[in-house]
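Input: a single structure, listed below in structure tokens.
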Protein chains: 2
Amino acid sequence: MITETLDHLFTSRGLRCTSHRRTIYRALAATTAHPTVDELYQQLDGRMSLATVYNTLESFCKTGLVRKIPGSGENGSARYDATTDPHMHACDPMSGRVVDVPDELSRAVFEQIPKEQLEAIEKCLGFRIHDVRIDLTGEFVSARNN
Amino acid sequence: MITETLDHLFTSRGLRCTSHRRTIYRALAATTAHPTVDELYQQLDGRMSLATVYNTLESFCKTGLVRKIPGSGENGSARYDATTDPHMHACDPMSGRVVDVPDELSRAVFEQIPKEQLEAIEKCLGFRIHDVRIDLTGEFVSARNN
DNA sequence: TTTGATGCAAAGACTTTGCATGCTT
DNA sequence: AAGCATGCAAAGTCTTTGCATCAAA
């Protein structure tokens with residue numbers, strides 16, 4: 001993503017445009033590996049403070065720029081995801097791996113859920129839905145049975 | 001749930017039947033409030049160690065007896081859920097509240113998802129699904145607390 | 001008897017925060 | 001110039017672990 005567009009993304013959400021924020025967002029958007037804070041920090045290799053990575057991701061989350069996946073890392077740390085389109089995750093709690101379900105398969109599932117049902121839930125609970133998350137937990141197997 | 005049935009639940013999963021485990025499981029099964037470890041610990045009021053609450057819930061999770069909802073508490077702590085039927089949660093990250101979507105509405109959503117689609121995902125990723133989670137994030141807009 | 005469960009405190013991991021400084025607006 | 005962003009280290013919170021003791025199988 002070019003800087004111009006990226007900066008517009010920031011300003012449109014009331015975030016200041018800084019070099020570090022561009023760096024972090026780009027790093028996150030460039031992968032589907034759902035890095036943890038520490039993985040991002042390692043990757044950026046001393047170019048910024050660990051606290052900045054935390055704070056920046058927090059800002060991104062609050063403004064809806066990225067999604068946080070709590071407790072998915074190896075020791076219960078959070079993973080982050082810059083993909084904003086609705087998509088599913090396959091999570092293996094044993095290994096701490098989180099993998100995106102391919103778009104086509106994710107979309108097929110999301111499309112099954114009628115808007116009316118979600119609206120019914122909103123009404124019933126007095127809740128405004130920001131995001132629908134469909135995550136699978138289970139285990140990755142080498143041999144593909146089934 | 002009577003002790004006999006509860007003990008069978010434990011033994012069938014390879015867990016020893018102890019007084020503390022019965023207490024914790026009952027406390028969790030008796031509420032839909034998705035308590036945190038600390039909330040359970042407070043409620044049990046000195047009748048057992050905090051570490052035991054952690055360890056016990058960990059055992060329950062590993063054997064599929066309860067579900068962990070990471071990062072849902074006020075300071076990022078985990079919440080726990082003894083309901084094993086597929087059901088949805090409405091999560092408000094600002095307040096840390098997690099509310100069950102009523103069974104009927106949850107079920108309607110889950111029933112929209114064809115088994116074949118989940119199986120296709122399993123095959124595609126080499127993943128064995130244990131649990132499908134559909135959680136809504138957003139905000140509670142009324143003072144309602146279902 | 002053997003193995004797992006519990007209690008306690010200490011250690012560990014992740015995350016947030018206070019404050020001084022620098023940079024964006 | 002004002003206000004947010006950053007760096008650093010310290011503090012905070014949640015969770016796990018080591019080890020001795022106790023209970024279930």
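Atom set for the values below is all heavy atoms of this structure, side chains included, hydrogens, waters and symmetry mates excluded. Note on naming: letters A, B, ... go to the chains in the order of the sequence lines (proteins, then strands), and numbering restarts at 1 for each one.
- Among pairs with a residue in residues 55-76 of chain A, those fulfilling side-chain hydrogen bond (donor to acceptor under 3.5 Å, both in side chains) read A:Arg67-A:Asp131, at least two apart in sequence or across chains.
- For DNA chain D, the contact window with chain B, defined by any atom under 4.0 Å from a protein heavy atom, covers D:dT13 to D:dA25 in 5' to 3' order.
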* Can B:Glu139 and B:Met94 be said to form a side chain to side chain contact (heavy atoms under 4.5 Å, CB included), step by step? -> CA-CA 8 Å; B:Glu139 54 188 323; B:Met94 292 306 152; 6.0 Å; no

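- Note on A:Ser59: nothing from the nucleic acid sits closer than 4.0 angstrom, heavy atoms only.
- Enclosure of atom CZ in A:Arg128 is not indicated, since only 12 or fewer non-hydrogen atoms of other residues, nucleotides or ligands lie within 6.0 angstrom.
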* To do: Walk me through it: do B:Ile121 and A:Val109 pass the test side chain to side chain contact (heavy atoms under 4.5 Å, CB included)?
  => CA-CA 10 Å; B:Ile121 292 171; A:Val109 171; 4.3 Å; yes

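- A heavy-atom distance below 4.5 Å is found between the side chains of A:Leu65 and A:Leu15.
- Under a 3.5 Å cut-off, the side chain of B:His87 and the backbone N or O of B:Asp85 do form a donor-acceptor pair.
- For residues 92-115 of chain A, the set of pairs meeting the salt bridge (Lys or Arg N to Asp or Glu O under 4.0 Å) definition, not counting sequence neighbours, is empty.
- Residues passing the side chain to side chain donor-acceptor pair (under 3.5 Å) test with B:Thr83, sequence neighbours excluded: B:Asp81.
- Comparing the end axes of the helix from C:dT1-D:dA25 to C:dT25-D:dA1, each fitted to five base pairs by superposing C1' atoms of four pairs onto the next four, gives an inter-axis angle of 50° (nearest 10 degrees).
- Residue pairs meeting the ring pair (Phe, Tyr, Trp, His ring centres under 6.0 Å) criterion with at least one partner in residues 91-122 of chain B, sequence neighbours excluded, are absent.
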* What string of B, S and - do you get for nucleotides 20-25 of chain C 5' to 3' if you count protein non-hydrogen atoms under 4.0 Å? -> ----BS

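- Across residues 38-52 of chain B, B:Arg47, B:Met48, B:Ser49, B:Ala51, B:Thr52 each have a non-hydrogen atom less than 4.0 Å from an atom of DNA chain C (numbered order).
- Heavy atoms only, all atoms of each residue included: B:Phe127 and A:Cys91 are closest at CZ-O, 3.5 Å.
- Applying the ring pair (Phe, Tyr, Trp, His ring centres under 6.0 Å) definition to pairs two or more places apart or across chains, those involving residues 27-47 of chain A are A:His34-A:His89.
- Screening A:Leu57, A:Val53, A:Ile69 for a side-chain contact (heavy atoms from CB on, under 4.5 Å) involving A:Tyr80 leaves a single residue, A:Leu57.
- Contact check of residues 60-83 of chain A against DNA chain C (heavy atom, cut-off under 4.0 Å) returns A:Asn75, A:Ser77, A:Ala78.
- For A:Tyr54 and C:dT16, the shortest distance from a side-chain N or O to OP1 or OP2 is not below 4.0 Å.
- Judged as a side chain to side chain donor-acceptor pair (under 3.5 Å), and not counting sequence neighbours, B:Gln112 has no contacts.
- B:Arg22 has its side chain within reach of B:Phe10: a pair of non-hydrogen atoms, C-beta onward, lies under 4.5 Å apart.
- For B:Tyr54, the side chain to side chain contact (heavy atoms under 4.5 Å, CB included) partners at least two apart in sequence or on another chain are B:Val37, B:Leu50.
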